[in-house]
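Note: hydrogens, waters and symmetry copies are ignored here, and every other heavy atom, side chains too, is used.
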Amino acid sequence: MEKLNFESILLPGMDSKRPVVIAGPCSAETEDQLLNTARALAANGIKALRTGIWKPRTKPGGFEGVGSLGLPWLKRVKEETGMYTVVEVATRDHVFEALKGGVDMFWIGARTVANPFAVQEVADALKGVDIPVFIKNPVNPDLELWIGAIERIYSAGIHRIAAIHRGFSTFDKKMYRNLPLWHIPIELRRRYPDLQIFCDPSHIGGRRELIAPLSQQAMDMNFDGLFIEAHENPEKAWSDAAQQITPEVLDFMLNMLVVRDATQTTENLTELRRQIDGVDDQLLELLAKRMRISREIGVYKKEHNMTVLQSSRYSELLDNRTKAAVAMDLSAEFVEKIMKQIHEESVRQQVVIMNKK
């Protein structure tokens with residue numbers, strides 16, 4: 001894996017203290033709407049305004065942004081409030097127009113990140129330009145695709161890059177608009193510990209009442225900042241009204257956030273981590289032992305001309321283990337996932353035995 005040397009996404013005057021907050025309306029609708037929202041955000045200490053100038057919509061016919069007409073509005077925001085401006089770019093023309101309009105930071109949206117051709121077009125347009133770029137996760141849960149977009153922008157000479165976790169689309173929408181799948185940004189951080197990661201609770205939740213708990217969860221997981229949709233009058237927003245909050249509600253929410261120390265370690269915590277390491281070693285030893293037994297079963301099945309997969313036995317095993325898990329205060333869903341993975345590996349090893357000549 002190539003070593004990528006990321007630089008801070010923050011511009012002069014932006015406080016590096018967690019969480020770094022970038023907020024603004026989903027769409028720039030009118031000059032008054034944008035300025036009113038920006039003034040209220042700036043009065044509460046927000047240093048960067050995000051808004052959509054070009055809006056890629058899932059279906060045609062919806063409001064798709066005012067386009068380049070809104071770029072002078074952003075200039076006026078900068079002049080009146082001193083805020084930095086952040087817009088989404090999805091094409092070469094977007095990049096050129098936004099640069100000409102004096103936009104300070106870009107973000108690349110989930111739909112664009114899902115298309116390497118589109119990301120490369122944006123990357124080519126950015127060559128020779130030094131501007132911070134946020135990169136959202138793709139719509140589908142594909143870490144390699146997300147990393148690929150980051151690497152394409154990095155290869156264009158942009159090193160001030162941050163990732164935005166906005167959740168992943170799913171057909172079955174229940175609690176969230178986009179499933180958080182927190183393990184994916186966690187793995188991204190493991191691979192690139194110097195990459196700043198922001199959370200977009202507006203798009204994950206899809207409802208304004210979920211923004212605060214999702215923001216707290218992001219802070220508990222050591223995210224660097226928040227990318228939040230705020231509107232002067234959310235109920236009348238022209239796009240994504242349900243997931244926007246007022247600048248006043250945003251300020252209240254931020255004051256309620258508990259931001260924990262990510263680096264402080266006590267002797268007690270060190271000892272507990274040592275115990276975790278010991279238990280993990282035991283788990284690996286037990287898994288290795290289980291697979292040895294599975295291979296012995298594979299030999300028996302081969303000698304007696306039995307099929308590898310014994311469906312009734314597997315169903316019984318899964319049912320019993322799940323019931324035992326609940327009795328031990330473990331999540332049934334969690335243990336079911338583990339047992340399925342263990343069973344798949346057992347089957348794989350037995351198939352190898354069966355096919356040995």
Side-chain angles (χ1 to χ4, degrees), residues 6-28 31-53 70-89 98-99 101-109 129-136 158-166 194-203 211-212 214-216 218-219 222-232 234 244-259 262:
F6 296 106
E7 299 174 16
S8 174
I9 200 85
L10 304 184
L11 293 171
M14 294 179 70
D15 191 349
S16 61
K17 185 175 67 174
R18 295 175 52 242
V20 176
V21 180
I22 294 174
C26 173
S27 304
E31 187 171 17
D32 284 345
Q33 167 256 1
L34 192 64
L35 282 164
N36 289 340
T37 305
R39 290 177 187 128
L41 290 169
N44 292 329
I46 304 298
K47 301 294 185 184
L49 177 86
R50 54 130 291 151
T51 194
I53 295 293
L71 293 173
W73 307 346
L74 291 172
K75 276 190 175 180
R76 191 171 165 196
V77 165
K78 292 172 66 172
E79 291 166 359
E80 288 198 18
T81 68
M83 298 177 80
Y84 292 112
T85 54
V86 194
V87 302
E88 178 178 2
V89 292
L99 288 172
V103 174
D104 301 293
M105 310 168 91
F106 294 161
W107 89 79
I108 302 177
V129 179
D130 182 19
I131 190 169
V133 178
F134 296 90
I135 301 175
K136 289 196 173 187
I158 304 292
H159 294 179
R160 290 190 287 169
I161 295 174
I164 299 176
H165 175 47
R166 49 82 75 190
D194 296 331
L195 177 69
Q196 292 168 290
I197 304 181
F198 284 61
C199 179
D200 179 348
S202 303
H203 277 89
I211 292 176
L214 284 166
S215 296
Q216 183 61 63
M219 289 301 97
N222 197 27
F223 278 60
D224 296 283
L226 301 169
F227 209 78
I228 295 179
E229 293 190 350
H231 189 291
E232 65 164 342
Q244 301 189 65
I245 56 178
T246 65
E248 293 72 25
V249 169
L250 174 62
D251 186 56
F252 177 80
M253 185 202 82
L254 294 175
N255 286 326
M256 292 295 103
L257 276 184
V258 178
V259 182

Indicate yes or no for a side-chain donor-acceptor contact from [X] to the backbone of [Y] under 3.5 Å, with no hydrogens or angles considered.
X: Q33; Y: S27; result: yes
X: T37; Y: G24; result: no
X: R18; Y: V259; result: no
X: N255; Y: D251; result: yes
X: D224; Y: I197; result: yes
X: E229; Y: A23; result: no

Answer whether the closest heavy-atom distance between the side chains of [X] and [Y] falls below 4.5 Å.
X: I161; Y: Q196; value: no
X: L226; Y: L257; value: yes
X: W107; Y: V86; value: yes
X: M253; Y: S215; value: yes
X: C26; Y: H231; value: no
X: K47; Y: D15; value: no
X: I108; Y: V133; value: yes
X: Y84; Y: P12; value: yes

Requested in this report: Take H203 and K136, measure what side chain to side chain contact (heavy atoms under 4.5 Å, CB included) needs, and give me the verdict at the end.
Outcome: CA-CA 11 Å; H203 277 89; K136 289 196 173 187; 3.8 Å; yes
Separation of [Y] [atom2] from [X] [atom1] (nearest 0.5 Å):
X: E232; Y: R39; atom1: CD; atom2: CZ; answer: 9.5 Å
X: S16; Y: I9; atom1: OG; atom2: CD1; answer: 14.0 Å
X: I22; Y: M14; atom1: CD1; atom2: CE; answer: 4.5 Å
X: M219; Y: L254; atom1: CE; atom2: CG; answer: 9.5 Å
X: T85; Y: I53; atom1: OG1; atom2: CD1; answer: 9.0 Å
X: T81; Y: L49; atom1: OG1; atom2: CG; answer: 7.5 Å

Query raised in the report: Taking the six-membered ring for Trp, are the ring centroids of F134 and F106 within less than 6.0 Å of each other?
Result: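 Here the rings of F106 and F134 have centres that are no less than 6.0 Å from each other.
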Requested in this report: If the plane angle is over 60° it's perpendicular, under 30° parallel, otherwise tilted; pick one for F198 and F227.
Outcome: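 Because their plane-to-plane angle is over 60°, the rings of F198 and F227 count as perpendicular.
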Just list the side-chain donor-acceptor pairs under 3.5 Å for residues 71-78, sequence neighbours left out, or say none.
| residue | atom | partner | partner atom | Å |
| --- | --- | --- | --- | --- |
| R76 | NE | E80 | OE2 | 2.8 |
| R76 | NH1 | E31 | OE2 | 3.1 |
| R76 | NH2 | E80 | OE2 | 3.2 |
| K78 | NZ | G102 | O | 2.7 |
| K78 | NZ | D104 | OD1 | 3.1 |
| K78 | NZ | D104 | OD2 | 3.4 |

Report task. Apply the test side chain to side chain contact (heavy atoms under 4.5 Å, CB included) to residues V129 and L99: give CA-CA distance (whole Å), side-chain angles for both, the deciding distance (0.1 Å), then the verdict. Result -> CA-CA 9 Å; V129 179; L99 288 172; 3.9 Å; yes
Query raised in the report: How close do C199 and A218 get, heavy atom to heavy atom, and via which atoms?
Result: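 That closest heavy-atom pairing would be CB-CB, 3.6 Å.
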Requested in this report: Write down the atom of L41, the atom of M83, and the distance for their closest heavy-atom approach.
Outcome: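 L41 and M83 have their closest heavy atoms at CB-CE, 4.1 Å.
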Report task. Show your reasoning for whether side chain to side chain contact (heavy atoms under 4.5 Å, CB included) applies to L11 and R160. Result -> CA-CA 10 Å; L11 293 171; R160 290 190 287 169; 3.2 Å; yes
